[in-house]
Novice: 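For reference, the structure I am asking about is given below.
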Amino acid sequence: MRRTAPLALTMSAALLALTATACGDGGDDAADGGPGGGGDEVTLVTHDSFLVSDEVLAAFTEETGYRVEVLRGGDAGVVVNQAVLSKDNPQGDVLFGVDNTLLSRALDAGIFAPHEAAGLDRIPEDVRLDGEAHRVTPVDTGDICVNYDRAWFADHGLTPPETFDDLADPAYADLLVVENAATSSPGLGFLLATVAAYGEDGWQDYWRRLADNGVEVVDGWEQAYNERFSGAGTGDRPLVVSYATSPPAGVLYGGDERPEEAPTGVSTGTCFRQIEFAGLLTGAANPEGGRALIDFLLSRTFQEDMPLQMFVNPVLPDAELPDLFTRYGERIDEPLTLAPETIAANREQWVDQWTSLVVR
């Protein structure tokens with residue numbers, strides 16, 4: 001997002017390290033010409049947290065004849081920035097994972113070609129942020145919130161924080177890890193949450209308080225949650241910026257028994273609404289396959305697979321949610337938000353100011 005030399009180097013390294021995972025039916029009898037003349041393979045560019053069941057990808061291949069290759073390129077912020085830098089030679093056909101915090105940057109750069117997805121009329125208008133232009137299609141929503149390690153707080157006899165002000169209290173010094181707002185979509189979302197909470201004139205003072213209270217900044221969500229957060233492994237920070245729907249993951253991967261409550265909790269007063277989109281990349285090698293994939297992302301098959309794969313909420317209103325997801329996830333009825341035009345007008349300067357304050 002920031003147009004500095006270090007970020008350019010970071011994104012170049014991310015491109016070199018881009019992970020390719022071929023999914024779907026890779027049989028030798030696949031037609032070289034493919035269903036639409038663009039080959040039998042469609043390439044999805046996305047972030048490291050993208051997951052989908054093999055059975056669901058197989059269903060797409062069965063339905064369309066296209067196999068899906070997934071290219072994961074780091075956190076969503078890095079993926080979007082790389083897509084902007086490579087827009088004249090796109091890495092794939094579809095990009096999934098650009099969210100409302102980064103959307104204007106992607107749209108202004110012209111990286112997406114219009115496509116009105118089949119089934120879009122079933123999706124609520126409040127998540128269709130591109131109006132009638134149809135350059136991007138909403139796929140899921142989530143709430144970016146601080147998560148806490150229940151066991152750590154119980155062992156230390158400390159009540160978990162619930163609000164932004166709590167996080168700056170000396171009682172919670174050196175406990176919070178956040179993602180870099182310049183390279184991470186959750187990190188940017190958390191920054192925007194503080195802008196929404198304290199206003200354009202007050203958020204910088206709040207971050208000074210957080211910095212003085214020992215907040216740690218890492219590049220992306222994977223590092224923050226899986227390496228630094230005590231609730232997910234060996235980290236020593238019991239507070240992390242993640243999602244309101246992260247706790248079910250701890251239950252799903254924590255063993256066969258279902259506890260009374262998830263091992264991690266959510267500080268519900270710190271949440272910001274995120275909407276994730278997919279778009280057909282301008283200059284895609286297989287645009288017909290890309291359109292078919294975007295349509296599939298709105299199908300009931302894909303939408304009902306997401307909750308226990310990526311731990312996000314489907315945008316399809318009547319998608320059935322698994323019991324584990326609804327039982328252990330936190331429903332946020334009034335998350336913080338900012339108007340897309342406000343984000344577009346201020347994001348770059350806010351990130352630069354945040355970097356000067358916090359990243360030392």
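In this chain, numbering begins with 1 at the start of the sequence shown.
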Novice: Please tell me whether Asp352 and Gln349 have a donor and an acceptor in their side chains that are separated by less than 3.5 angstrom.
Specialist: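 Their side chains do not contain a donor-acceptor pair, so the 3.5 Å distance test is not met.
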Novice: Just verifying a value: how many Å separate Arg128 CZ and Ile123 CD1, rounded to the nearest 0.5 Å?
Specialist: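 Output value for this atom pair is 8.0 Å.
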Novice: Going through the checks in order, is the side-chain contact (heavy atoms from CB on, under 4.5 Å) test met by Val52 and Phe302?
Specialist: CA-CA 8 Å; Val52 59; Phe302 185 85; 3.8 Å; yes
Novice: Looking just at side-chain N and O atoms, do Thr245 and Glu330 make a donor-acceptor pair shorter than 3.5 Å?
Specialist: no
Novice: Which side-chain hydrogen bond (donor to acceptor under 3.5 Å, both in side chains) pairs, counting each pair once, include a residue from residues 310-327, with sequence neighbours left out?
Specialist: Arg300-Asp318
Novice: Find the distance between CG (Asp143) and OG1 (Thr337) and round it off to the nearest 0.5 Å.
Specialist: 10.5 Å
Novice: I need the Thr282 OG1 to Phe112 CZ distance, nearest 0.5 Å.
Specialist: 8.5 Å
Novice: Are the aromatic rings of Trp354 and Phe190 close, with centres under 6.0 Å apart?
Specialist: no
Novice: Any chain of hydrophobic side-chain contacts (each under 4.5 Å) joining Val146 to Ile332?
Specialist: no
Novice: Return yes if a side-chain donor-acceptor contact under 3.5 Å exists between Thr183 and Asp75, otherwise no.
Specialist: no
Novice: Main chain of Asp295, side chain of Ser299: is a donor-acceptor contact present, judged purely on distance under 3.5 Å?
Specialist: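 Checking the backbone N and O of Asp295 against the side chain of Ser299, no donor-acceptor pair under 3.5 Å is found.
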Novice: For Glu227, which residues count as a side-chain contact (heavy atoms from CB on, under 4.5 Å) partner, sequence neighbours excluded?
Specialist: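 Glu227 satisfies side-chain contact (heavy atoms from CB on, under 4.5 Å) with Gln223 only.
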Novice: Report whether Tyr243 and Leu338 are members of the same hydrophobic cluster (ILVMFWY, side-chain heavy atoms less than 4.5 Å apart, transitive linking).
Specialist: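 They do share one cluster, since a chain of ILVMFWY contacts under 4.5 Å joins Tyr243 to Leu338.
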Novice: Counting only N and O atoms by type, is there a donor-acceptor contact under 3.5 Å from the side chain of Thr270 to the main-chain atoms of Ser267?
Specialist: yes
Novice: CG/Leu280 to CG/Leu293 distance, rounded to the nearest 0.5 angstrom?
Specialist: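 If we round to the nearest 0.5 Å, Leu280:CG and Leu293:CG are 10.0 Å apart.
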Novice: Which heavy atom in Pro186 sits nearest to a heavy atom in Ser184, and how many Å separate them?
Specialist: CD-OG, 3.0 Å
Novice: Report yes or no: do His47 and Glu276 form a side-chain donor-acceptor pair below 3.5 Å?
Specialist: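 Present: a donor and an acceptor within the cut-off.
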Novice: Assess the side chains of Asn100 and Arg273: does a donor N or O sit below 3.5 Å from an acceptor N or O?
Specialist: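 No - no donor-acceptor pair under 3.5 Å links their side chains.
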Novice: May I ask you to decide if Met306's main-chain N or O and Asp140's side chain share a donor-acceptor pair within less than 3.5 Å?
Specialist: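 No; judged by distance alone, with no hydrogens or angles, the pair does not exist.
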Novice: With a 4.0 Å cut-off on N to O distance, would you call Asp205 and Arg208 a salt bridge?
Specialist: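 Looking at Arg208 together with Asp205, the answer is yes, because their closest N to O distance falls below 4.0 Å.
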Novice: Hey, can you tell me if Tyr148 and Phe153 have their rings parallel, tilted or perpendicular (30° and 60° cut-offs)?
Specialist: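 Answer is perpendicular, since the angle exceeds 60°.
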Novice: Check whether any side-chain N or O of Asn213 sits under 3.5 Å from a backbone N or O of Leu210 as a donor-acceptor pair, and report yes or no.
Specialist: no
Novice: Taking the side chain as every heavy atom from C-beta outward, state whether Arg135 and Leu107 have any atom pair closer than 4.5 Å.
Specialist: yes
Novice: Might you work through the side-chain contact (heavy atoms from CB on, under 4.5 Å) test for Gln353 and Trp203, ending with a clear yes or no?
Specialist: CA-CA 10 Å; Gln353 291 165 351; Trp203 71 266; 3.3 Å; yes
Novice: Test Gln274 against Ile144 for side-chain contact (heavy atoms from CB on, under 4.5 Å), laying out the working first.
Specialist: CA-CA 7 Å; Gln274 181 187 57; Ile144 298 169; 3.9 Å; yes
Novice: Do Val70 and Thr46 make a side-chain contact, defined as non-hydrogen atoms from C-beta onward lying under 4.5 Å apart?
Specialist: yes
Novice: Output yes when Asp333 and Arg331 qualify as a salt bridge under the 4.0 Å nitrogen-oxygen rule, no when they do not.
Specialist: yes
Novice: Looking only at non-hydrogen atoms, find the nearest pair between Leu129 and Ile275 and report the distance.
Specialist: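 That would be CD1-CD1, 4.1 Å.
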Novice: Are Leu44 and Leu51 grouped together when hydrophobic residues (ILVMFWY) are joined by side-chain heavy atoms under 4.5 angstrom apart?
Specialist: yes
Novice: I'd like to know if the side chain of Asn147 reaches the main chain of Val241, judged simply by a donor and an acceptor atom lying under 3.5 Å from each other, with no hydrogens or angles considered.
Specialist: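 The answer is no, because no donor-acceptor pair under 3.5 Å joins these two groups.
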Novice: Count the heavy atoms belonging to other residues, nucleotides or ligands that lie under 6.0 Å from CD of Glu341, then report whether that count exceeds 12.
Specialist: yes
Novice: What pairs meet the disulfide (SG to SG under 2.5 Å) rule with one or both residues in residues 54-134, with sequence neighbours excluded?
Specialist: none
Novice: More than 12 heavy atoms of other residues, nucleotides or ligands under 6.0 Å from CG of Asp121: is that the case?
Specialist: yes
Novice: For a quick test of reading the model, state the closest non-hydrogen atom pair linking Ser53 to Gln309 and the distance between them.
Specialist: OG-NE2, 3.0 Å
Novice: Under a 3.5 Å threshold, yes or no: a donor from one side chain and an acceptor from the other, between Ser230 and Asp236?
Specialist: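 No donor-acceptor contact under 3.5 Å links the two side chains.
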Novice: Going through the distances and angles, do Tyr66 and Phe296 end up as a ring pair (Phe, Tyr, Trp, His ring centres under 6.0 Å)?
Specialist: CA-CA 11 Å; Tyr66 294 110; Phe296 185 74; over 10 Å; no
Novice: I'd like to know if the side chain of Tyr328 and the backbone of Glu260 have a donor-acceptor N/O pair within less than 3.5 Å.
Specialist: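 It does not hold such a pair.
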Novice: With no hydrogens and no angle check, do the side chains of Thr268 and Glu162 hold a donor and an acceptor under 3.5 Å apart?
Specialist: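 Note: Thr268 and Glu162 side chains meet the donor-acceptor criterion.
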Novice: I'd like to know if the side chain of Trp221 pairs up with that of Ser242 as donor and acceptor (distance under 3.5 Å, no hydrogens or angles considered).
Specialist: yes
Novice: Under the salt bridge (Lys or Arg N to Asp or Glu O under 4.0 Å) criterion, do Arg72 and Asp48 qualify, and how do the steps go?
Specialist: CA-CA 5 Å; Arg72 296 179 176 88; Asp48 285 347; 6.0 Å; no
Novice: Answer yes if the side chains of Thr101 and Arg347 hold a donor-acceptor pair under 3.5 Å, and no otherwise.
Specialist: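 No pair is found: no donor N or O on one side chain lies under 3.5 Å from an acceptor on the other.
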Novice: Write down the atom of Gly231, the atom of Asp149, and the distance for their closest heavy-atom approach.
Specialist: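 Nearest heavy atoms, Gly231 then Asp149: N-OD2, 3.4 Å.
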Novice: Thr301 vs Phe60, test: side-chain contact (heavy atoms from CB on, under 4.5 Å). Steps then yes/no.
Specialist: CA-CA 9 Å; Thr301 300; Phe60 172 73; over 6 Å; no
Novice: May I ask whether Leu321 and Val266 are part of the same hydrophobic cluster, defined by side-chain heavy atoms of I, L, V, M, F, W, Y residues being less than 4.5 angstrom apart, directly or through others?
Specialist: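 Result: no, two separate clusters.
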Novice: Determine, step by step, whether Phe229 and Trp152 satisfy the ring pair (Phe, Tyr, Trp, His ring centres under 6.0 Å) criterion, reporting the C-alpha distance in whole Å, the side-chain angles of both residues, the deciding distance to 0.1 Å, and the verdict.
Specialist: CA-CA 11 Å; Phe229 180 44; Trp152 189 97; over 10 Å; no
Novice: Find the distance between NE2 (His115) and CD1 (Ile294) and round it off to the nearest 0.5 Å.
Specialist: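 CD1 of Ile294 is found 5.5 Å from NE2 of His115.
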